[in-house]
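Inspection log for the structure reproduced underneath, given as structure tokens.
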Amino acid sequence: MATKINKIIKLSLPSGVMNTSWLESLGLSRTEQVKYVKSGLFTRISTGIYRLSNGTPTL
């Protein structure tokens with residue numbers, strides 16, 4: 001699991017913004033996505049849109 005999340009973190013940089021379908025394409029289930037929101041690693045911006053909690057999204 002750690003390898004999967006490390007890959008997601010690396011690929012989501014520099015903006016840190018991710019969507020549900022992209023996360024699923026990298027093997028992270030919706031259940032796992034909810035787990036990472038509850039743990040504080042992801043912040044939910046909107047339905048199906050997340051960002052890494054340690055960064056500010058850039059456009």
Side-chain angles (χ1 to χ4, degrees):
M1 177 82 83
T3 303
K4 191 182 338 182
I5 196 63
N6 288 337
K7 180 180 179 181
I8 289 167
I9 290 169
K10 182 179 176 182
L11 292 172
S12 70
L13 297 175
S15 71
V17 177
M18 309 159 284
N19 66 36
T20 299
S21 60
W22 183 77
L23 290 166
E24 287 178 330
S25 76
L26 293 173
L28 198 70
S29 71
R30 290 180 190 234
T31 302
E32 291 170 313
Q33 293 172 41
V34 170
K35 176 183 136 185
Y36 286 121
V37 170
K38 288 181 179 180
S39 75
L41 183 62
F42 295 168
T43 299
R44 183 175 174 259
I45 297 173
S46 184
T47 304
I49 307 293
Y50 305 97
R51 70 171 175 85
L52 293 175
S53 294
N54 62 347
T56 303
T58 59
L59 301 175

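Computed from a predicted model, the values in this text were never measured in an experiment.
- Once rounded to the nearest 0.5 Å, the distance linking OG of S12 with CZ of R51 reads 11.5 Å.
- The minimum heavy-atom distance linking G40 with S53 is given by the pair O-OG, 2.7 Å.
- For the atom pair CD of E24 and CD of E32, the computed distance is 10.0 Å after rounding to the nearest 0.5 Å.
- Residues Y36 and L28 form a side-chain contact, since some pair of their non-hydrogen atoms from C-beta on lies under 4.5 Å apart.
- Atom CG of residue L52 and atom OG1 of residue T43 lie 8.5 Å apart, to the nearest 0.5 angstrom.
- Judged as a side chain to side chain donor-acceptor pair (under 3.5 Å), and not counting sequence neighbours, S25 has no contacts.
- Residues that satisfy the side chain to side chain donor-acceptor pair (under 3.5 Å) test with T31, not counting sequence neighbours, are absent from this structure.
- L26 and M18 fall within the same hydrophobic cluster, defined by Ile, Leu, Val, Met, Phe, Trp and Tyr side-chain heavy atoms under 4.5 Å apart, directly or through other members.
- No option in N19, L41, I45, L23 other than L23 meets the side-chain contact (heavy atoms from CB on, under 4.5 Å) test with Y50.
- Once rounded to the nearest 0.5 Å, the distance linking CG of L11 with CG of N6 reads 11.0 Å.
- Applying the side chain to side chain donor-acceptor pair (under 3.5 Å) criterion to S46, with sequence neighbours excluded, gives no partner residue.
- A heavy-atom distance below 4.5 Å is found between the side chains of F42 and I5.
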